Each structure stands twice: as C-alpha cells, then as structure tokens.
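Here's the structure we're looking at; comments come further down.
Note that this is a predicted model, so its numbers are computed, not measured.
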Amino acid sequence: MLGPKFENRMRLAMLIVFFSVVIVAPLIGAFAFSPLLVASGIQPYPLAAALGCIAAEAIAVGALVMLVWRSKK
C-alpha cells in the first residue's frame with residue numbers, strides 16, 4: 001500500500017500539471033506567441049492563436065518532462 005505522503009505528492013503534481021498545461025500555457029500562447037505568429041505571416045488570427053496555444057502547451061509539457069527526468073537522477 002502506498003502511504004498518504006505519496007498520495008499528497010501525486011495530487012500536488014497533478015495540480016501543477018493541470019495549472020501549467022490547461023491554464024498558463026494557453027494564456028501565454030494566445031497573448032505572447034500568437035502576435036508573433038501573425039507578424040511572421042500566419043493568417044487568419046484564430047489560426048495563429050490556436051498554433052500559439054499548441055506551441056505553448058508543447059513547451060510546457062516538455063519542460064515538465066525535463067523536470068521529472070532531472071528529479072529522478
């Protein structure tokens with residue numbers, strides 16, 4: 001059986017992943033990356049906003065994976 005310490009850590013990890021991938025990354029993608037994509041020539045704006053959100057979420061997931069790999073060493 002796993003103890004309550006493991007369950008609390010897992011809940012915290014799930015909360016961090018949810019917060020970073022579902023809340024923070026789309027905001028960064030929509031407000032920081034999409035104007036850059038529009039300036040680089042991707043039109044219409046909703047496409048640039050969607051691509052910016054996808055890119056920000058991919059970067060967030062990659063950063064979380066790197067943090068997990070580093071913590072296991």
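Atom CG of L37 is separated from atom CG of L51 by 6.5 Å, given to the nearest 0.5 angstrom. Note that the CD1 atom of I16 and the CG atom of L67 stand 9.5 Å from one another [nearest 0.5 Å].
There is a path of hydrophobic side-chain contacts, each under 4.5 Å, that joins F18 to I59. Residues V61 and W69 share a hydrophobic cluster, clusters being chains of Ile/Leu/Val/Met/Phe/Trp/Tyr side chains in contact below 4.5 Å.
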Checklist entry - Stepwise, does the side chain to side chain contact (heavy atoms under 4.5 Å, CB included) test hold for R9 with L12? => result CA-CA 5 Å; R9 282 187 177 176; L12 179 63; 5.6 Å; no

Output side-chain donor-acceptor pairs under 3.5 Å for residues 21-36, partner residues at least two apart or in another chain, one line each.
| from | atom 1 | to | atom 2 | distance (Å) |
| --- | --- | --- | --- | --- |
| S34 | OG | A30 | O | 2.3 |
| S34 | OG | Y45 | OH | 3.0 |

